[in-house]
Amino acid sequence: MIVDNKRISAPLDFYQNWKEILAKSIVSVDQLERYFKVDSAALRNVTTIYPMRINPYFLSLIQKENDAIWKQAIPNVQEIENDSYSVDPLFEEMQSPVPNLIHRYPDRVLFLVSNQCAMFCRFCMRKRRLGSSHRISSKRINDGLSYIRGNRNITEVILSGGDPLLLDDEVIQWILTRLRAIPHIGIVRIHTRAPASLPQRVTGALVDIIKKFHPVYINTHFNHPAEITEVAASACMRLADAGIPLGCQTVLLKGVNDNEAVMRELMLKLLKLRIRPYYIHHADIVKGTAHFRTSIQTGLEIMNRLQTDISGLCDPAYMIDLPGGYGKIPLQAEYLKKEYSKTISGNLKGET
Ligand SMILES: *Cc1c(COP(=O)(O)O)cnc(C)c1O
């Protein structure tokens, strides 16, 4: 796109070094002003509370002011309008037996191994941790590993953060090696937005490391069809070709994807990349993100259409994470509506 006569480059070359791209991220309102006309004073108030990071690749996806990519990346004054929400409504900190490890369900833990992200999503559900720049110490990671080692009920570890793929290859290899040495861990899952936010991160070298530790699943995070570029598609192809089952956790976001046509296009594009849509998340009630939240009714209407109009391969659950740390539950549209009840009433009676 061209803004104020400055050209933002087209999606960056796949072979460009991801760290170099990341190093050129926009992190200040001064830098942002060079590209867009924004209310700088107001946005400075936002970024002192919730920092900004937009890497040049993600920036290049913005087509016009206030589009779906813009809304996810550019700070908005509504983030600091007073809302009554908590910074941690899901009680993640309280459910952390050791720092950086959330143990909510008996059999699986969320292990926050990275503080870094390739971009700072404005709707982030861990906004409370946003921008903490210190590296997570190896002692913390070791404490997490010890907890997992000492708890035989845990059969699955989900690496999350931040974005685990923002760690260096050697660190990822180190963590995966330690996890695989624990006999009761069957599944390793990686939650990462990198295929969408910085696909250049998915190098051949990284994929060669990950595939040595199978079964490794990856759930990625695309929210809009405009995020599915050729570069992103190549990244996903590399992962799928390495035998890594891919899922996608999309967040339902007002003004981004809260309409059937957009969601449908996104889902179909994901399937073509061999990504199974896994969850569509109702946006959490996290402080500073209220302007992104739709009603549950809106979500159910979209889900209703998707369920009838799209291939059965595309069957994401519409999930809400209950405040208070009670976990996720699926929100389901009613199927036994009046118009169907006659047709199925025979089936419902069952055999006698
Ligand atoms: C979402 C979540 C998980 C994973 O849940 P799945 O339904 O298996 O994807 C695990 N732990 C915590 C704390 C979570 O929030």
Side-chain angles (χ1 to χ4, degrees), residues 85-115 117 121 123-130 136 140-141 143-145 147-165 175 179 182 184-193 195-196 215-223 239 244-253 267 270 275-287 289 293 296 299 303 314-332:
Y85 299 111
S86 154
V87 295
D88 182 18
L90 307 179
F91 288 15
E92 291 191 329
E93 306 292 345
M94 260 180 267
Q95 293 181 337
S96 298
V98 293
N100 292 53
L101 185 138
I102 308 166
H103 195 178
R104 176 175 299 151
Y105 305 107
D107 67 322
R108 56 208 193 279
V109 291
L110 208 60
F111 193 9
L112 310 181
V113 291
S114 163
N115 269 341
C117 283
C121 301
F123 54 87
C124 181
M125 53 91 66
R126 295 205 183 96
K127 246 172 136 77
R128 67 181 188 277
R129 300 166 63 97
L130 212 111
I136 296 174
R140 273 211 174 174
I141 306 259
D143 288 350
L145 288 166
Y147 179 84
I148 295 165
R149 212 175 282 125
N151 194 323
R152 292 172 157 277
N153 292 330
I154 302 168
T155 56
E156 174 174 355
V157 175
I158 303 164
L159 300 179
S160 186
D163 195 321
L165 294 194
I175 294 171
L179 282 175
I182 303 173
H184 52 273
I185 298 307
I187 305 280
V188 174
R189 204 198 305 177
I190 299 174
H191 279 184
T192 173
R193 199 170 188 210
V216 179
Y217 285 64
I218 288 186
N219 269 358
T220 183
H221 175 179
F222 286 90
N223 291 327
L239 295 168
I244 303 166
L246 301 176
C248 182
Q249 301 192 184
T250 296
V251 185
L252 179 63
L253 297 166
M267 296 295 127
L270 290 172
I275 301 175
R276 284 293 287 277
Y278 178 75
Y279 286 160
I280 292 177
H281 289 280
H282 190 73
D284 295 315
I285 51 168
V286 170
K287 190 176 195 60
T289 65
R293 216 147 30 245
I296 288 177
M303 292 307 296
C314 172
D315 189 23
Y318 176 34
M319 302 299 273
I320 189 164
D321 214 330
L322 295 174
Y326 296 101
K328 296 181 189 69
I329 54 163
L331 297 165
Q332 272 156 356

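Just so we're clear, the structure is a prediction, and the values are computed from it rather than from any experiment. Both counts, for ligands and for their atoms, begin at 1 and track the order of listing.
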Seminar exercise, completed: Logged contact type for Arg189 with ligand 1, heavy-atom cut-off 4.0 Å, is side chain
Exercise. Could you give the distance from NE2 (His184) to CZ (Arg149), rounded to the nearest 0.5 Å?
Worked result: 9.0 Å
For this session: Side-chain contact test, heavy atoms from C-beta onward, threshold under 4.5 Å: evaluate it for Met125 versus Val251 and give yes or no.
Result: no
For this session: Find all atoms of ligand 1 within a distance of less than 4.0 Å from any non-hydrogen atom belonging to Ile102, and give their numbers and elements.
Result: 13 (C)
Exercise. Where is the nearest protein heavy atom to atom 7 (O) of ligand 1: which residue, which atom, and how far?
Worked result: Tyr279 OH, 2.5 Å
Problem set entry | Side chains of His221 and Asn219, donor plus acceptor under 3.5 Å | no
Exercise. Can you check side chain to side chain contact (heavy atoms under 4.5 Å, CB included) on Met267 and Thr250, steps first, answer last?
Worked result: CA-CA 10 Å; Met267 296 295 127; Thr250 296; 4.1 Å; yes
Exercise. Can you tell me how far OG1 of Thr155 sits from CD1 of Ile148, rounded to the nearest 0.5 angstrom?
Worked result: 11.5 Å
For this session: Have a look at ligand 1 and work out which part of Lys328, if any, has a heavy atom under 4.0 Å from it: side chain, backbone, both or neither.
Result: side chain
Seminar exercise, completed: among protein heavy atoms, the one nearest atom 4 (C) of ligand 1 is Ile158 CD1, 3.5 Å
Exercise. Looking only at protein heavy atoms, which one is nearest to atom 9 (O) of ligand 1, and how far off is it?
Worked result: Tyr278 OH, 2.7 Å
For this session: Considering the heavy atoms of Arg104, write down every atom of ligand 1 situated less than 4.0 Å from one of them.
Result: 13 (C), 14 (C), 15 (O)
Exercise. Using heavy atoms and a threshold below 4.0 Å, how should the contact between Glu156 and ligand 1 be classified: side chain, backbone, both, or neither?
Worked result: neither
Exercise. Can you check whether Ile244 reaches Leu246 side chain to side chain, under 4.5 Å on heavy atoms?
Worked result: yes
